Amino acid sequence: MSCFLVAIIIKVVHIQYAQGEKYKKLSTELTIKQDTIRSNKGNVYAADGNLLATSMSKYTIRMDAVAVNSAVFEKNIAGLSKELSAMFGNSTSYYQNKLRSAKKHKNRYLLIARNVGYNDYLKMKKFPIFNRGVYQGGFIAEHKTVRAHPIGKIAERTIGYDDFRGEAGIEGAFADFMQGENGLRWKQKIAKNQWKPISDVNEKEPIDGHDVITTIDVNIQDITHHALLRQLEYFEADHGCAVVMETATGEIKAISNLGRTSTGKYFEKRNYAVWESHEPGSTFKLASLMAILDDKLIDTSTVVDTEKGKIYINNRKVEDSRKGGYGKISAARVFEVSSNVGIVKLIRKHYDHQPEKFIRKIEKYGFAKPIGFQIKGEGKPYVPKPTDKSWSKISLEWMSWGYGISVTPMQTLMFYNAVANNGVMVKPHFVKELRRQDKTEKIFETEVVNPRIASQETLKKIRKIMENVVIKGTASNIYSSNFSMAGKTGTAKKYIPRTKNKSGEWEGGYYSNKHYVASFAGFFPADTPKYSCIVVVHDPDKSKGYYGATVAAPIFKEIAQKIYTTTPVDNQSVDDKIEFTSIENQYSHYNKIVNNEYAKVPNVQGMAGMDAVSLLENIGLKVEVSGVGKVQNQSIKRGEKLEKGATIILKLS
């Protein structure tokens with residue numbers, strides 16, 4: 001026993017002095033720890049101050065059934081079950097059985113609910129049994145911070161995220177700026193899995209992240225999202241996008257990208273407007289017409305023979321949507337009715353011997369390279385060149401009507417916006433400013449990509465023709481006398497790539513007659529454009545419709561119309577009631593004179609060809625034109641009785 005006692009004393013001395021520091025450190029590690037206090041990421045705001053993304057507290061609620069006294073448990077289980085039923089929806093008996101089973105099996109970590117908000121967490125702390133706290137009521141609350149979008153799934157891909165899914169959208173692009181600095185705090189263990197904070201001079205408080213102010217307008221975003229969604233659902237399309245851009249600044253006011261699930265529902269699947277590069281179809285005819293007008297190779301009144309709506313170039317067919325074609329029409333009318341034959345013949349005639357000149361124009365219009373967004377995932381455009389191996393004898397002609405070239409919807413929108421903005425091409429952007437602690441750190445000014453894409457003379461003609469597309473062209477179905485719009489429809493067949501099937505046989509390598517891309521791009525109001533907009537819909541149900549005028553243009557109209565009606569304007573009230581008899585008599589007399597004049601064919605000699613065509617078509621005549629310039633002769637003389645539907649031939653000098 002003496003030897004044993006001596007051994008114990010020696011061991012105690014050895015532990016106390018020889019290994020004392022080691023065990024003191026181990027004791028501290030087991031009872032005291034340095035805990036990280038997570039900082040909140042910065043918020044993402046809309047231009048009007050509405051929250052688009054923010055950090056929110058969420059709680060997972062559990063229960064230690066063993067910690068609750070049996071008498072207290074029996075007395076209050078009914079009350080607790082009733083409160084849980086009212087909050088989460090399951091029946092009272094469901095919760096009673098669940099709690100009794102946990103008590104019986106001594107479950108110390110029973111799951112009650114996940115993702116409970118802060119307000120509900122506070123309410124649950126006051127429920128029967130739970131109000132006794134951790135040790136007597138078994139109430140366990142595990143806190144976490146999650147990212148939430150207050151406006152829901154709308155514009156989710158553009159607002160983006162920075163988590164296990166990667167870095168996408170605005171949150172991904174500004175992740176470092178929005179990420180705050182974590183804090184540090186010492187905690188001491190007071191019971192099993194229970195730690196309390198202790199004061200320490202080295203304690204560091206967390207610093208929340210900084211905020212991003214976007215260009216998004218929540219009202220316009222809501223309008224755009226639901227207009228696109230309704231049309232996609234009706235036509236059962238695969239996916240689509242719609243973007244609204246402020247003409248003068250390039251600020252993106254709304255962007256919606258919706259893809260279809262296997263169940264027929266739609267959600268923000270990809271950022272198609274930025275990512276998807278595809279053949280644009282007839283919306284690209286604006287670039288073709290602008291190039292040839294700006295090079296002064298034709299005028300809007302130049303006559304084109306569309307023949308019978310079908311021609312062959314190197315054994316490849318070019319065909320108009322209207323059977324029989326349009327006959328001989330002006331270049332302006334080629335664009336208004338979207339004649340494929342007409343635009344191909346114009347480009348072929350004037351650029352076939354100098355395709356490089358046409359390509360330079362296309363590059364000037366911003367189609368040859370990516371825009372360069374801050375957000376990731378921008379698609380790469382493709383513009384063929386005569387020096388490429390893939391260049392063929394039909395490359396130029398096919399490009400003129402939107403095939404053999406690949407661009408993103410945002411590139412097309414940027415080009416159309418430049419037309420609306422008097423030729424000034426501005427870069428589209430999503431972020432307005434960055435803020436640190438409510439102080440502006442950086443403002444993103446409007447960035448001019450090209451100060452002049454064409455002459456003012458060309459732009460004036462182009463904008464008038466685009467307005468006529470809505471008034472009397474392919475988009476006349478969306479015309480409204482209440483507000484003006486200008487734009488261009490687009491309908492493109494989708495190319496099916498050549499691939500091997502499961503049997504090892506080659507399939508594809510052709511343009512499909514079943515799969516289409518319907519689009520519409522334009523601006524409004526037509527005379528003083530405030531916004532430009534593009535709508536692209538992929539793979540609509542062909543049996544319901546697939547033309548740009550039928551599928552995409554109505555979305556554009558709904559967006560424009562609702563922005564008109566929800567944007568405050570200063571109106572002056574006018575009373576049209578005639579109060580004086582003399583004025584009424586004068587008005588009636590003038591009206592008779594006007595009606596009498598328009599019952600006769602007017603004199604258009606000396607007028608510009610385009611103006612004469614517009615005047616004569618508006619009073620009901622069919623017009624055939626030959627030559628370029630001003631009207632020299634007209635087949636129906638001035639003063640002859642007007643017969644609507646009659647054909648008048650104009651010879652231009």
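These numbers come from a predicted model, not from an experiment. For this chain, numbers begin at 1 and follow the sequence in order.
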Check: Taking the six-membered ring for Trp, is the centroid-to-centroid distance between Phe430 and Phe373 below 6.0 Å?
Finding: yes
Next item on the list: Could you tell me whether a side-chain N or O of Glu307 sits under 3.5 Å from a main-chain N or O of Tyr326, the two making a donor and an acceptor?
Entry: no
Checklist line | Minimum heavy-atom distance Thr224-Ala242, with the two atoms named | finding: CG2-CB, 3.6 Å
Note to self: Does anything in residues 384-406 form a ring-ring contact (aromatic ring centres under 6.0 Å, His included)? List the pairs, not counting sequence neighbours.
What the structure shows: Trp398-Trp401, Trp401-Tyr403, Tyr403-Tyr511
Check: So do the side chains of Leu459 and Met290 get within less than 4.5 Å of each other, counting heavy atoms only?
Finding: yes
Item checked: Lys364 atom NZ, over 12 foreign heavy atoms within 6.0 Å -> yes
Next item on the list: Answer whether the closest heavy-atom distance between the side chains of Leu258 and His239 falls below 4.5 Å.
Entry: no
Margin query: If you count heavy atoms of other groups shown closer than 6.0 angstrom to CZ of Arg452, is the number above 12?
Written below: no
Next item on the list: Could you grab the distance from atom CD1 of Ile555 to atom CD1 of Ile223, nearest 0.5 Å is fine?
Entry: 14.0 Å
Item checked: Heavy-atom donor-acceptor pair, Lys427 side chain to Gly250 backbone, under 3.5 Å -> no
Item checked: Check against side-chain contact (heavy atoms from CB on, under 4.5 Å), Arg260 and Phe267 -> CA-CA 7 Å; Arg260 193 169 189 257; Phe267 73 108; over 6 Å; no
Next item on the list: Grab the two heavy atoms, one from Phe358 and one from Met399, that are nearest each other, plus how far apart they are.
Entry: CE2-SD, 3.8 Å
Item checked: Asp541 versus Ser543, side-chain donor and acceptor atoms under 3.5 Å -> yes
Next item on the list: Quick one: closest heavy-atom pair of Thr412 and Ala521, and the distance?
Entry: CG2-CB, 4.4 Å
Next item on the list: Check whether any side-chain N or O of Asp320 sits under 3.5 Å from a backbone N or O of Arg322 as a donor-acceptor pair, and report yes or no.
Entry: no
Note to self: Any donor-acceptor pair under 3.5 Å linking the side-chain atoms of Ser288 with those of Ser400?
What the structure shows: no
Next item on the list: State whether Lys494 and Glu279 are salt-bridged, where the test is any N-O pair (Lys NZ or Arg NE/NH1/NH2 against Asp/Glu carboxylate O) under 4.0 Å.
Entry: no
Notebook entry, point to check: Any donor and acceptor pair, going by atom type alone, linking the side chain of Thr550 with main-chain N or O of Tyr546 inside 3.5 Å?
Noted result: no
Margin query: Show me the pairs that pass ring-ring contact (aromatic ring centres under 6.0 Å, His included) and involve residues 275-309, at least two apart or across chains.
Written below: His278-His538, Phe284-Phe367
Checklist line | Derivation of the side-chain contact (heavy atoms from CB on, under 4.5 Å) call for Leu434 and Ile213 | finding: CA-CA 6 Å; Leu434 305 178; Ile213 314 301; over 6 Å; no
Checklist line | Side chain to side chain, Leu396 and Tyr351, heavy atoms closer than 4.5 Å | finding: yes
Check: Are Asp299 and Lys461 within salt-bridge range, i.e. N to O under 4.0 Å?
Finding: yes
Check: Any side-chain donor paired with an acceptor under 3.5 Å for Ser282 and Tyr547?
Finding: no
Margin query: Is any side-chain heavy atom of Ser512 closer than 4.5 Å to one of Lys493?
Written below: no
Checklist line | Lys296 bridged to Glu457 by N-O distance under 4.0 Å | finding: yes
Checklist line | Heavy-atom closest pair, residues Val426 and Thr249 | finding: CG2-C, 4.2 Å
Checklist line | Side chain proximity check, Lys432 to Thr214, heavy atoms < 4.5 angstrom | finding: no
Note to self: Less than 4.0 angstrom from a charged side-chain N to a carboxylate O is my criterion; do Glu624 and Lys328 meet it?
What the structure shows: no
Next item on the list: Give a yes or no on this: more than 12 heavy atoms of other residues, nucleotides or ligands lie within 6.0 Å of atom CG of Asn315.
Entry: no
Check: Between Arg270 and Glu276, is the closest basic N to carboxylate O distance under 4.0 Å?
Finding: no
Note to self: Tell me if a side-chain donor or acceptor on Asn314 pairs with a main-chain N or O of Arg316 at a distance below 3.5 Å.
What the structure shows: no
Notebook entry, point to check: Within the distance-only criterion (no hydrogens, no angle test), does the side chain of Asp539 pair as donor or acceptor with the backbone N or O of Val517 below 3.5 angstrom?
Noted result: no
Notebook entry, point to check: Do Ile462 and Thr458 have side-chain heavy atoms sitting under 4.5 Å apart?
Noted result: yes
Margin query: Between Glu363 and Lys361 (salt bridge meaning N to carboxylate O under 4.0 Å), is one present in this structure?
Written below: no
Note to self: Using every non-hydrogen atom in the two residues, find where Val341 and Thr306 come nearest and quote the distance to one decimal.
What the structure shows: CG1-O, 3.7 Å
Check: Any side-chain heavy-atom pair from Ile255 and Ile216 closer than 4.5 angstrom?
Finding: yes
Item checked: Taking every non-hydrogen atom, the tightest pair across Leu616 and Val623 -> CB-CG2, 3.7 Å
Check: Does any N or O in the side chain of Ser532 come within less than 3.5 Å of the main-chain N or O of Asn417, such that one atom is a donor and the other an acceptor?
Finding: no
Next item on the list: Mind checking the CD1-CD spacing from Ile252 to Gln221? Nearest 0.5 Å is all I need.
Entry: 10.5 Å
Notebook entry, point to check: Any donor and acceptor pair, going by atom type alone, linking the side chain of Glu251 with main-chain N or O of Thr247 inside 3.5 Å?
Noted result: no
Check: When you look at Asn468 and Arg463, which way does the side-chain hydrogen bond (donor to acceptor under 3.5 Å, both in side chains) test go after all the steps?
Finding: CA-CA 9 Å; Asn468 284 337; Arg463 285 172 59 166; over 6 Å; no
Next item on the list: Using distance alone, with no hydrogens and no angle criterion, decide if Asn513 and Lys542 have a side-chain donor and acceptor under 3.5 Å apart.
Entry: no
Next item on the list: I would like to know whether Glu433 and Lys442 meet salt bridge (Lys or Arg N to Asp or Glu O under 4.0 Å); could you show each step before the answer?
Entry: CA-CA 5 Å; Glu433 62 178 279; Lys442 183 176 181 179; over 6 Å; no
Checklist line | Donor-acceptor contact below 3.5 Å, side chain Glu378 vs main chain Gly372 | finding: yes
Check: CG of Leu346 to CD1 of Ile292: how many Å apart, nearest 0.5 Å?
Finding: 5.0 Å
Checklist line | Ser330/Val304 under side-chain contact (heavy atoms from CB on, under 4.5 Å): CA gap, chis, key distance, verdict | finding: CA-CA 6 Å; Ser330 66; Val304 184; over 6 Å; no
Check: Should Glu246 and Lys530 count as an ion pair when the cut-off is N to O under 4.0 Å?
Finding: yes
Check: Do the side-chain N and O atoms of Lys488 and Ser338 include a donor-acceptor pair separated by under 3.5 angstrom?
Finding: yes
Checklist line | Geometric class of the Phe524/Tyr564 ring pair [parallel <30°, tilted 30-60°, perpendicular >60°] | finding: tilted
Margin query: As a quick check of understanding, evaluate salt bridge (Lys or Arg N to Asp or Glu O under 4.0 Å) for Lys562 and Glu558, giving each step before the final call.
Written below: CA-CA 6 Å; Lys562 288 187 175 179; Glu558 182 177 344; 3.1 Å; yes
Notebook entry, point to check: Any side-chain heavy atom of Met245 sitting closer than 4.5 Å to one from Tyr531?
Noted result: no
Check: Given Leu286 and Val419, is the side-chain contact (heavy atoms from CB on, under 4.5 Å) satisfied, shown in steps?
Finding: CA-CA 10 Å; Leu286 179 64; Val419 175; 4.1 Å; yes
Note to self: With a 6.0 Å cut-off (strictly less than), is the heavy-atom count around NZ of Lys349, excluding the residue itself, greater than 12?
What the structure shows: no
Notebook entry, point to check: Side chain of Asp217, backbone of Lys253: donor and acceptor closer than 3.5 Å?
Noted result: no
Check: Between CD1 of Ile453 and CG of Asp294, what distance do you get to the nearest 0.5 Å?
Finding: 8.5 Å
